[in-house]
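See structure below.
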Amino acid sequence: MIWVNDVKDNYPKSNISMNQQNVRVRFAPSPTGPLHMGGVRTALFNYLLAKKTGGTFILRIEDTDQTRFVPGAEDYIMEALKWCGIQVDEGIVEGGPYGPYRQSDRKALYQQYASQLLESGNAYLAFDSPEDLEQVRSEYETKGETFTYNAATRQQMRNSLSLSKSVVDQLIASGEKYVIRFKMPDDEVVTDNDLIRGSVSFNTSLLDDKVLFKSDGMPTYHLANVVDDHLMEITHVIRGEEWLPSMPLHVLLYEKFEWEKPVFAHLPLILKPVGKGKLSKRDGDKMGFPVFPLRWTDPFTSEVSSGYREEGYFPDAFVNLLAMLGWNPGTEQEIFSMDELAEAFDLSRVGKSGSKFDPEKAKWFNHQYMQQKDNAELAEMLMPILHEKGVKVEVDYVVKVVEMLKERATFLPEIWDQGFYFFEDPKSYDPKTVSKRWKEGVPEMMQEIYDFLASYQGAWSPAIVKEDFSAFVTKKQWNFGLVMNAFRLCIVGAAMGADLFEICAMIGKEATLRRIQNGIQNIPV
RNA sequence: GGCCCGUUCGUCUAGGGGUUAGGACGCAAGAUUUUCAUUCUUGUAGCAGGGGUUCGAAUCCCCUACGGGCUACCA
């Protein structure tokens, strides 16, 4: 007899998607400000799934709330994705067969779907004004209860279910404003399989009759989102965990429309490194690190928030660190290029719990990328920074500086902090080093060194100078450490920097002598 | 308050019935570096608690605690 294993894994968390053709995913931000890093990560995970499966990544702008329009936000979102190397296949500027890709441009579409729900008896008109609702809510609150607009209460409210048809017609005719609400079924259990969390259930009697269509003629997020995802043939809805509570509503909407629903995957949140709660836009960079990919200037308050780009992060490092927040490859590899990420990515390896963001680890990632990058490439990126400092040099020279210093730098601008002396004479002398290293008799000693170097005939290369210099110091019976530190103080202005003879070779004999002379004259004993 | 989701070193995480509970960041010590930084080596530190199930539980179940999210004519 042959035994066949039964299917014991009833909830395959692994992606059904992997074998599925034509994966279509979307990132659907609301242009109410700059995208923050959590949003970028959501976009990234969507993009990665599309890239892995050869699917399509769509950028859809969800601007159904006209009161929250922020100028520049839409451009910011697109620029941020571009900087990260997240390529949009279909979107506002890319176009595509499922457009328009901005919900305000799709406005005319939604009314008919709301009507469809009205006709099928799954939605109704509600005439309660915001003031009415607020009053009811506060009444419930004083009773210590929470008002929920649903099967239990809707008969007491002013809507097309509680009012007679003639009254309703009259209200409409008189121009009374109304919204369209979803008629949430009473006491049903809605269950759906989340790709990350497995089976999740909700009882509809605890849910409310969400507004689907606002009195201003725009749909709410819920309606627009479901309609667009359907029309755009989205296969996977990958979004933040904050949307998990609205999953039953969305599932129900697909059901009532009799549409095939996409697969849902709710990503864990990125939490603040310290304190409580999810990382929010309002955190700005008050916590010592940026929360935005790009610098953002608030168009209303002119308040500036720093961005990873401007802080000196490399886009590939930023993407890498974001990917490792909540996802892991199951191996010990931590450094991934975008292609490698797409290759390795799998929603089943996304964790369930929120991750506190660790700025220190973020720096470590950038340092890794700095080491990995080509010196010429880094030098090119450094040129604008040098120009800002008023330095004029050849790129070749900068390449050499980068080669010597990148190991000790985490961010590109640090190369300047670590190596300004390659480009200009020290403007000041670190007082601590001066008091420690510039003692009685040192200026006289440096003068002898000056004379030695001034008359030096050998080749001006690090190794040769070092050898002859050492011989000279030994002959003079000077303390080597004392000499070198004083020498360094003259050349660099502080007790820091690359190998001293390398520096001398780079800046040349003339500058070396000049700096020694300046030191002798200007450093106080 | 209600609903939903979660909980392995300080942080990010591996591990999904039998492991000395693995890695990374950070931190500490040592080595190298004439300084600083880098680098290398070593070390540090964890299964939230309580009940089950089982020969055996970090792993499966329940309860509690804690954390988080949502609870708008915002997304």
Side-chain angles (χ1 to χ4, degrees), chain A residues 13 28-32 62-68 103 126 128-130 133-134 137 141 144-149 177-181 194 196-198 200-203 205-208 210-222 224-225 239-248 266 268-269 271 273-274 276-278 321 324-335 349 351-365 367 371 405-410 414 418 433 436-437 470 479-485 487-489 492 494-500:
Chain A
K13 273 203 347 178
S30 178
T32 53
E62 309 223 326
D63 57 347
T64 51
D65 187 354
Q66 297 162 326
T67 65
R68 296 211 302 167
Q103 288 183 329
D128 321 275
S129 69
L133 289 166
E134 201 177 313
R137 289 204 177 92
E141 203 169 320
E145 292 168 31
T146 308
F147 173 71
T148 308
Y149 205 128
K177 292 209 167 196
Y178 62 87
V179 300
I180 298 174
R181 283 182 183 271
D194 184 282
I196 292 169
R197 282 148 219 288
V200 183
S201 301
F202 301 82
N203 190 311
S205 55
L206 276 341
L207 270 23
D208 64 344
K210 275 273 176 294
V211 171
L212 298 178
F213 208 86
K214 299 181 273 189
S215 58
D216 66 358
M218 285 293 262
T220 60
Y221 165 81
H222 301 290
N225 177 264
R239 67 214 325 186
E241 192 185 345
E242 70 268 29
W243 295 110
L244 195 51
S246 51
M247 183 167 84
H266 289 94
L269 267 16
L271 277 13
V274 290
K276 295 178 171 186
K278 68 171 174 176
L321 72 91
M324 303 309 283
L325 230 41
W327 173 82
N328 77 82
T331 66
E332 282 176 4
Q333 184 179 351
E334 291 197 272
I335 303 299
R349 295 206 65 90
K352 294 181 175 74
S353 51
S355 327
K356 280 187 181 175
F357 175 67
D358 181 1
E360 289 304 317
K361 184 113 189 198
K363 288 180 190 163
W364 176 82
F365 271 106
H367 182 256
Q371 307 320 310
L405 296 177
K406 74 169 179 181
E407 192 173 74
R408 58 221 301 160
T410 297
E414 273 177 41
Q418 290 288 336
T433 313
K436 194 175 169 192
R437 305 296 189 187
S470 302
N479 177 297
F480 204 78
L482 181 75
V483 177
M484 290 303 289
N485 282 298
F487 192 1
R488 178 177 290 278
L489 188 56
V492 176
M496 60 167 283
D499 182 272
L500 193 52

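Everything quoted here is computed from the prediction, not taken from an experiment. We name chains A, B, ... by the order of the sequence lines, and we start the count at 1 in each one.
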Self-check item: Between A:His266 and A:Arg239, a side-chain donor and acceptor under 3.5 Å
Solution: yes
Quiz prompt | Contact under 4.0 Å: A:Lys278 side-chain N or O vs B:C70 OP1/OP2 | solution = yes
Exercise. Under 4.0 Å between any heavy atoms, over every strand shown, what does A:Gly330 touch: base, sugar-phosphate, or nothing? Just pick one.
Key: nothing
Self-check item: Proximal nucleotide (of B:A37, B:A75, B:A14) relative to the A:Asn328 side chain
Solution: B:A14
Quiz item: Contact class for A:Gly326 vs. all strands (heavy atom < 4.0 Å): base, sugar-phosphate, or nothing?
Solution: sugar-phosphate
Self-check item: Of the listed nucleotides B:A24, B:C73, B:C70, the one nearest the side chain of A:Pro245
Solution: B:C70
Exercise. Quick one: label A:Val179 by what it contacts on the DNA or RNA (base, sugar-phosphate, nothing), any heavy atom closer than 4.0 Å.
Key: base
Quiz item: Does atom OH of A:Tyr178 have more than 12 heavy-atom neighbours from other groups under 6.0 Å away?
Solution: no
Quiz item: Looking for any heavy atom pair under 4.0 Å, which part of the strands does A:Phe202 touch: base, sugar-phosphate only, or nothing?
Solution: sugar-phosphate
Quiz item: Heavy atoms under 4.0 Å, any strand shown: does A:Thr64 hit a base, just sugar-phosphate, or nothing?
Solution: sugar-phosphate
Quiz prompt | Given B:G22, B:U13, B:C4, the nucleotide with the shortest approach to the side chain of A:Leu244 | solution = B:C4
Quiz item: Should the heavy atoms of other residues, nucleotides or ligands under 6.0 Å from CD of A:Glu145 be counted, would the total exceed 12?
Solution: yes
Quiz item: Between B:U71 atom P and A:Tyr221 atom OH, what is the distance in whole Å?
Solution: 12 Å
Exercise. Looking at every strand, decide which applies to A:Ser353 at a 4.0 Å heavy-atom threshold: base, sugar-phosphate, or nothing.
Key: sugar-phosphate
Quiz item: Under 4.0 angstrom, heavy atoms only, what part of the nucleic acid is A:Ser129 near: base, sugar-phosphate, or nothing?
Solution: base
Self-check item: P-based separation of B:G67 from B:C60 [nearest Å]
Solution: 24 Å
Practice problem: Could you check whether A:Met484 gets within reach of a base, just the sugar-phosphate, or nothing at all, counting any heavy atom under 4.0 Å? | Solution: base
Quiz item: Is A:Asp128 touching bases, backbone alone, or none of the nucleic acid, heavy atoms closer than 4.0 Å?
Solution: base
Quiz prompt | Complementary nucleotide for B:A29 - Watson-Crick or wobble, under 3.5 Å | solution = B:U41
Quiz item: Of A:Arg408 and A:Arg181, whose nearest nucleotide on RNA chain B comes first from the 5' end?
Solution: A:Arg408
Quiz prompt | Spacing of CG belonging to A:Leu244 relative to CG belonging to A:Asp194, to within rounding of 0.5 Å | solution = 6.0 Å
Quiz item: In terms of the nearest nucleotide of RNA chain B, which residue is placed more toward the 5' end: A:Lys436 or A:Ser355?
Solution: A:Ser355
Self-check item: Nucleotide nearest A:Trp364 (side chain, heavy atoms from C-beta), chosen from B:A24, B:A75, B:C73
Solution: B:A24
Quiz item: A:Lys361 side chain: which of B:A24, B:U11, B:A75 is closest?
Solution: B:A24
Self-check item: Distance in Å, A:Glu334 CD paired with A:Phe365 CZ, rounded so as to fall on 0.5 Å steps
Solution: 5.0 Å
Quiz item: Checking all strands, does A:Thr146 fall into the base, sugar-phosphate, or nothing category for heavy-atom contacts under 4.0 angstrom?
Solution: base
Practice problem: Can you tell me the distance, in whole Å, between the CZ atom of A:Arg488 and the P atom of B:U33? | Solution: 15 Å
Practice problem: Give A:His367 one of three labels, base, sugar-phosphate or nothing, depending on what nucleic acid heavy atoms sit under 4.0 Å from its own. | Solution: sugar-phosphate
Quiz item: In terms of the angle between their ring planes, are A:His222 and A:Trp243 parallel, tilted or perpendicular, with boundaries placed at 30° and 60°?
Solution: perpendicular
Exercise. Check the distance between B:C5's P and A:Leu271's CG and give it to me in whole angstrom.
Key: 18 Å
Practice problem: Quick one: label A:Arg239 by what it contacts on the DNA or RNA (base, sugar-phosphate, nothing), any heavy atom closer than 4.0 Å. | Solution: nothing
Quiz item: If you check the A:Lys214 side chain, which of B:A72, B:G2, B:A75 turns out closest?
Solution: B:A75
Exercise. Could you tell me the separation between the CG atom of A:Asp499 and the P atom of B:U33, rounded to a whole number of Å?
Key: 12 Å
Exercise. Would you kindly give the CZ-to-P distance between A:Arg437 and B:U34, to the nearest whole Å?
Key: 13 Å
Quiz item: Of all heavy-atom pairs between A:Gly354 and A:Leu271, which one has the smallest distance, and what is that distance?
Solution: C-CD2, 3.8 Å
Quiz item: How long is the line joining CD of A:Glu145 and C1' of B:G1, in whole Å?
Solution: 11 Å
Quiz item: Expressed in angstrom and rounded to an integer, what is the separation of A:Trp243 atom CH2 from B:C74 atom C1'?
Solution: 8 Å
Quiz item: Hey, does A:Glu360 reach any base, or is it just sugar-phosphate, or nothing, if we go heavy atoms under 4.0 Å?
Solution: sugar-phosphate
Practice problem: Choose from B:G2, B:A75, B:A24 the nucleotide whose nearest atom is closest to any side-chain atom of A:Thr220. | Solution: B:A75
Quiz item: Which value, in whole Å, describes the distance between the C1' atoms of nucleotides B:C9 and B:A24?
Solution: 12 Å
Quiz item: Between A:Arg197 (CZ) and B:C70 (C1'), how many Å, whole number?
Solution: 13 Å
Exercise. Would you mind classifying the nucleic acid contact of A:Val200 as base, sugar-phosphate or nothing, using non-hydrogen atoms under 4.0 angstrom?
Key: sugar-phosphate
